[in-house]
Protein chains: 2
Amino acid sequence: MLVLLQELMADDLRRVRAPSGARLFRQGDAARGLFLLKVGKVRLLRHTSDGNEVILHTARPGESLAEASLFAEHYHCEAVALEDSVAMLAPKERLHALLRTHPQAAELLFARLARQVRELRTQLELRNIRRAEERLLAALRLRADANGAVTIGDTWKDLAAELGLTQEALYRALSRLERQGAIIRPATRTVLLRS
Amino acid sequence: MLVLLQELMADDLRRVRAPSGARLFRQGDAARGLFLLKVGKVRLLRHTSDGNEVILHTARPGESLAEASLFAEHYHCEAVALEDSVAMLAPKERLHALLRTHPQAAELLFARLARQVRELRTQLELRNIRRAEERLLAALRLRADANGAVTIGDTWKDLAAELGLTQEALYRALSRLERQGAIIRPATRTVLLRS
DNA sequence: CGTCACATTGATGCCTCTCAAAGCTTGTGG
DNA sequence: CCACAAGCTTTGAGAGGCATCAATGTGACG
């Protein structure tokens, strides 16, 4: 889909570079358009009134960011580059035009948004599991491949934030699961599920 | 948008009636299409492995349900009628055809999905507020009108579930906020925010 | 080879869940 | 019109679990 959009919008895409730590956009900025991440890692987060921040998503190459703000005046979250990143900016108006003239592209974007909705609901569902062990196990199960192996892309600390736990709580849950025999940890960032 | 879809798909829409307690679809059912709620109240929920259920959304007349499953083989949640309800079913294939032939309809559906993404992210953000008082206050602020008045449509119990709290925790949070002077409760289901 | 961030484990306190019970509202049927 | 039932509302007491603070180990990277 990234490819299709790039072909269709070749002339309208603008390359944006964000060194590690830089922001593609901030909460409240006027929505310029959709970002397609080509290189790096970008985190979407939101600031709460009490000064904490909430990780909404961590995007990797091939993903698009801020689809939702295509129909909003302002960005409702902040995009921080975690590594030196390169993205393509697809201006809002051009994308709207494209949606009208290229149903194929519209359908792809639509499917992508639909998937996001499902993922968000899943994440919300995980939060309803109160016990740290169970929440973590459920999250690991969702990420496991056919062999029951999970290799986390980020750090455990990041996963903790995504699950709404402190890192300490997550580490304790990990070791408890291991002690119970529910998981095995062959490497630092890999676990095997023992159903 | 409901209206537009109804005009464009008049011949393809099928009226579905669900008495209170009945299910429009269950988790795992083959995805038939999109539901447009005309009358009643329908709750989307998902069952967790430990037997609990998670409220994903409570839809009211004018809303559409299960947009995300337009691109999925199966429904990933369950839709229960809380009151006697009437919905229109827009079959998946017909909608796909419509998306290709009527960009206007596509754009509307797109905007709707985008809004859902934002709402879900907001809900997720609320969950990151640990303290019940603060989470509730944030939720109330999001629902307040210009005067700072909030009238909940459902029961407090329902709001508790939506916020990931037990009803007891929510009631205690309410009375604490009232004691602190942060809110006033003129009626059972209405609060005034005193910023 | 020093620094920095992640990883790991310990101790303590607070907060929410859980169980329990009683008051209150709403609706229903006799 | 009353009485009863069912579900929501409200408050209490106790326990368990996670956050918090703290300290040390470990790995990566310049």
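If you're wondering where the values come from, they're calculated on a predicted model, not measured in any experiment. Each chain gets a letter, A, B and so on, in the order its sequence line appears, and its residues count up from 1.
Remark: P of C:dA7 and CG of A:Asp154 are 10 Å apart, rounded to the nearest angstrom. A straight line from OH of B:Tyr171 to C1' of D:dT9 spans 5 Å, rounded to a whole angstrom. Counting to the nearest Å, the C1' atom of C:dT16 and the CG atom of A:Asn128 are 15 Å from each other. In this structure, A:Gln167 atom CD and D:dC21 atom P are separated by 13 Å, rounded to whole Å. Taking atom CD1 of B:Ile129 as the reference point, atom C1' of C:dT16 lies 16 Å away to the nearest angstrom. Look at CG on B:Leu163: it is 11 Å from P on C:dC17, rounded to the nearest Å. We find that CZ of B:Arg179 is positioned 12 Å from P of D:dT10, with the value rounded to whole Å. With rounding to whole Å, B:Arg127 atom CZ is found 20 Å from C:dC15 atom P.
In this model, a side-chain donor or acceptor of A:Arg172 finds a partner on the base of D:dT20 within 3.5 Å.
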Within the sub-3.5 Å range, which N or O atoms of nucleotides 23-27 of chain D have a protein N or O partner, and how far apart are they?
none

Can you tabulate the close N/O pairs, meaning under 3.5 Å, that link protein atoms to atoms of nucleotides 15-18 of chain D?
unit_1 : atom_1 : unit_2   : atom_2 : d
D:dG17 : OP1    : A:Arg131 : NH2    : 2.2
D:dC18 : OP1    : A:Ala132 : N      : 2.6

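In summary, the side chains of B:His57 and B:Glu119 do not present any donor paired with an acceptor at a separation below 3.5 Å, with no hydrogens or angles considered. Side-chain atoms of B:Thr151 and B:Arg189 include no donor-acceptor pair closer than 3.5 Å.
End-to-end axis angle for the helix from C:dC1-D:dG30 to C:dG30-D:dC1, using five pairs per end and rounding to 10°, comes out at 50°.
The closest donor-acceptor contact from the side chain of A:Arg46 to the backbone of A:His76 lies under 3.5 Å. Using modelled atom types, one side-chain atom of B:Arg135 and one backbone atom of B:Leu163 make a donor-acceptor pair closer than 3.5 Å. Panel note: side chain B:Ser69, backbone B:Ala72; no donor-acceptor pair is recorded below 3.5 Å.
For A:Arg60, the CZ atom counts as densely surrounded, since its 6.0 Å shell holds more than 12 non-hydrogen atoms of other residues, nucleotides or ligands.
In the hydrophobic clustering, B:Leu192 connects to B:Ile184, either directly or through intervening members, whenever side-chain heavy atoms lie under 4.5 Å apart.
Not one side-chain nitrogen or oxygen of A:Arg185 sits closer than 4.0 Å to the OP1 or OP2 atom of C:dA7.
Applying the salt bridge (Lys or Arg N to Asp or Glu O under 4.0 Å) test to B:Glu168 and every residue at least two apart in sequence or in another chain returns nothing. Applying the ring-ring contact (aromatic ring centres under 6.0 Å, His included) test to B:Phe25 and every residue at least two apart in sequence or in another chain returns B:Phe35, B:Tyr75.
Salt bridge annotation for B:Asp29-B:Arg23: absent, with no cationic side-chain nitrogen under 4.0 angstrom from a carboxylate oxygen.
When the nucleotides C:dT9, D:dG12, D:dT9 are ranked by their closest atom to the side chain of B:Thr155, D:dT9 comes out on top.
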Inset, instruction - Walk me through it: do B:Trp156 and B:Leu159 pass the test side-chain contact (heavy atoms from CB on, under 4.5 Å)? - result: CA-CA 5 Å; B:Trp156 289 111; B:Leu159 182 59; 3.7 Å; yes

